[in-house]
Each structure stands twice: as structure tokens, then as C-alpha cells.
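First comes the structure, then the notes that go with it.
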Amino acid sequence: MDWMQLTVTTTSEGAELVSEQLIEAGSAGTLIEDRRDALEYERSRPEGRWDFLDESVIQNMPEQARVTGYYPADERARDRLADVRARMKALGERAGAGMGALTVEVKTLDDEDWAENWKRQYKPFRLGEHMVIKPGWCAYEAQPGDKIIEIDPGLAFGTGTHETTALCVALVEQYVKPGDRVIDVGTGTGILAIAAARSGAAAVLASDIDPMAVKVAAENVRVNGLAHVIEARPGNLLEAVDEVCDVLTANIIADVIVQLAAPVRAHIREGGVFICSGIARERQQAVLDALKAAGYHDIDVREQGEWAAIACRR
């Protein structure tokens, strides 16, 4: 099958909103290229930490942020393109000049080209203190203390490169203790579920509404040798969850977290931790208000770029 690649030019602030729109229009995953994110990481990288990206890679990144989605180049391709262009027009009208040009570039790829596009962009990188995300096609020489998470994004959303995932992994490292039971809602490729298992969790339930995400997450779990710890299960938000856990993670979006704040308590034991992310700075207070209203305490807020993640106790 051939694929239609649609690349939208936007801003660092607008990249996640554009990504959400491309997903809603039918892309099974997105690729975000943002020079500013890479440069900010380099400036803040602790001394002695190995490079996030080779300097030449940063220099070759476009000046403006770009978000790419992939769609089947079939009889519906023209309609999908029209839908994406209409979504970008509406997004620009709704969000204003801060979204950038929102132009849509079209390119056709065959299966091999599509796969190679991911591979050229997706290299090993570190999340949190000890987690190293490594695609299966790359070699990496582990350093003392490294905990390797081997990921193939496939057609699922979530390569781990976004700030929200980095924030979540740091919180998972801090709050997941050996023997804990963990639930990861909206697991995507399973990065947070695997990070929880690498942190010592005894059992992890990873759920997602997207059957493709569940399939990819299950394969990543298998590749990492964690099928005895992690179960990937299809279902929308909490509808697939009957269990009670010590730590529940949800890297979704702020509005959904606001809705989940109260009902998710039933799935977290007393004193357990709710880790949530995907929270844009302008929506942070709304999430904090919802968490406090639902009775959470010991609220721990982490921020990076335009995003925030929160850990709190039931």
C-alpha cells in the first residue's frame, strides 16, 4: 500500500494541537520535528549526560515546527486531504497567529519509504534519570544504571519524544515502587507501562481505545521481555479497568484528566498515586482545581516547555 504523508508547518506551541487534529483526521501516529525543543534540551542537559540529538541533526531541523501524519493513499485520500486542510483553517481561526502558517505539504510514500521516515528520525534518547528509549533498529551501548526500553512506534501514537512523556517517566521513576500494581490509561506504544515495569512494578495493566495501539504496545511488551508483568487491554479510558492499583498514569489531555479526576479514585488504593500529563500550561490550573475538588493531596507539579505533569495522592 502507498501512503500519503501530510506535513503541517506550525509553531512549538501549536505542534501538539496540530498533532491531535491529524490523529482525529485518521493518522495512526504523528512525527513532530521541533528545533526549539531540541535546543532547549541541549541548554538544560546536565553535565555529563549523553547527547539527546547529534548537533548536525539539530542544525538540519527546519526553523519552524513541523508535524507529519500518514494516511492510506487510497480512494479516500482526496477527502482526507480536504479534511486536514479544513481542520487547519479552523484551528488557525480558533487559536490565532500563535499557530503559525498551518500550511499542508503533501507527499506520497510507499511502505518502505514510510518506515524509513520513522527510522531516520527516531534515535535512542534518555527519559527521566535511568530510562533509555531505544528503537529496535538502533544499537546502543548501555551505561551503568541504564534501564532500556526498546520501542517500535509502528502505527501507534507516542514515540516518547514529547515533553509530556518525559515528565511522566520522571514521575514514574519517583513514585512507582517495587511490587506496586500500576494502571496506564491511554498507553499508546506502552512506554509508561514498560517504564513502570522497569521501575519494579509487579503487575501493569495498559489500556487504550485504539486497537492498533494495543497491538503495538503488546508487541513492545513482548520485545522487552515483560509479558509476564504487563497486560495490554483494549478499552476507552476506564471502561476496560476493574482493578485497583498503587499508581495510575494517564498521559492524555487536560480536559479528559479533569473528567477523570473523580471517577479514577475508585481504581487507586488509599494513599496511592495518580500521575497525569498532557496538560498545556494554560489548562494547568483547571486540572489542579479538579484534582483538589476530588480530594487529592500532596500535589507534585512538574513543568517542561509549554507542558505540565502532576502527581498527587488519593
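Numbers here simply count residues along the sequence, with the first being 1.
Looking at Asp34, its side chain never comes within 3.5 Å of a backbone N or O of Ala65 through a donor-acceptor pair. No donor-acceptor distance shorter than 3.5 angstrom exists from the side chain of Arg313 to the backbone of His297, with no hydrogens or angles considered. In this structure, the side chain of Thr9 does not engage the main chain of Ala101 through any donor-acceptor pair within 3.5 Å. Remark: the backbone N or O of Ala25 is not paired with any side-chain donor or acceptor of Tyr71 at under 3.5 angstrom. When atom types are taken as modelled, the side chain of Glu173 and the backbone of His130 share a donor-acceptor pair closer than 3.5 angstrom. A donor-acceptor contact shorter than 3.5 Å links the side chain of Ser199 to the backbone of Ala195. Of the possible polar contacts, one joining the Thr11 side chain to the Gly98 backbone as a donor-acceptor pair under 3.5 Å is found. In this structure a side-chain-to-backbone donor-acceptor pair under 3.5 Å is present from Arg198 to Ile148.
In this structure, Lys215 does not pair ionically with Glu219, as no charged nitrogen and carboxylate oxygen lie closer than 4.0 Å. Classification of Arg181 and Glu243 as a salt-bridged pair fails, no side-chain N sitting under 4.0 Å from a carboxylate O. Ion pairing between a basic and an acidic side chain is recognised when a charged N comes within 4.0 Å of a carboxylate O; Asp246 and Lys177 show no such pairing. Using a 4.0 Å cut-off between charged side-chain N and carboxylate O, Glu105 and Arg66 make a salt bridge. Note on Glu150 versus Lys134: salt bridge recorded, some NZ/NE/NH1/NH2 to OD/OE distance being below 4.0 Å. Taking the charged nitrogens against the carboxylate oxygens, Glu24 and Arg87 do have a contact shorter than 4.0 Å, which makes a salt bridge.
The structure places SG of Cys276 at 5.0 Å from CG of Leu291, a figure rounded to the nearest 0.5 Å. To the nearest 0.5 Å, atom CH2 of residue Trp307 and atom CZ of residue Arg283 are 11.5 Å apart. Atom CG in Asp208 sits 9.5 Å away from atom OG1 in Thr189 (nearest 0.5 Å).
Hydrophobic clustering (ILVMFWY, side-chain heavy atoms < 4.5 Å, transitive): Ile209 and Val216 are in distinct clusters. Linking ILVMFWY residues whenever their side-chain heavy atoms come closer than 4.5 Å, directly or via other members, leaves Val214 and Ile252 in distinct clusters. There is no path of hydrophobic side-chain contacts, each under 4.5 Å, that joins Val223 to Ile191. No chain of hydrophobic side-chain contacts below 4.5 Å, direct or via other Ile, Leu, Val, Met, Phe, Trp or Tyr residues, connects Val182 to Val244.
For Ala77 against Pro72, the heavy-atom pair with the smallest separation is CB-O, 4.0 Å. Of all heavy-atom pairs spanning Val229 and Ala202, the tightest one is CG1-O, 3.7 Å. Closest of all the heavy-atom pairs between Ala206 and Ile230 is CB-CG2, 4.2 Å. When all heavy atoms are compared, the tightest approach of Leu6 to Leu22 is O-CD1, 4.4 Å. For the residue pair Ile183 and His267, the shortest heavy atom distance occurs at CD1-O, 4.3 Å. Pairing each heavy atom of Ser19 with each of Thr30, the nearest pair is OG-OG1, 2.8 Å.
A side-chain donor-acceptor contact under 3.5 Å links Glu303 and Gln284. For Ser277 and Thr164, the side-chain atoms include no donor-acceptor pair closer than 3.5 Å. Tyr175 and Asp300 are linked by a side-chain donor-acceptor pair at a separation below 3.5 angstrom, with hydrogens and angles left out of the test.
Cation-pi geometry between Arg265 and Tyr296 is met: the NZ or CZ atom falls under 6.0 Å from the ring centre, inside 45° of the normal.
At a threshold of 4.5 Å between non-hydrogen side-chain atoms, the residues Asp184 and Leu205 do not count as touching. At least one side-chain heavy atom of Asn220 sits under 4.5 Å from a side-chain heavy atom of Ile194. Val264 is listed as a side-chain neighbour of Phe274, based on a closest heavy-atom distance under 4.5 Å.
Under a cut-off of 6.0 angstrom, the local environment of CZ in Arg76 is sparse, with at most 12 non-hydrogen atoms contributed by other residues, nucleotides or ligands.
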side-chain hydrogen bond (donor to acceptor under 3.5 Å, both in side chains) between Asp255 and Gln259, intermediate numbers included: CA-CA 7 Å; Asp255 290 345; Gln259 296 171 15; over 6 Å; no
Criterion salt bridge (Lys or Arg N to Asp or Glu O under 4.0 Å) on Arg85 and Asp83, from CA distance to verdict: CA-CA 5 Å; Arg85 283 177 168 157; Asp83 180 32; over 6 Å; no
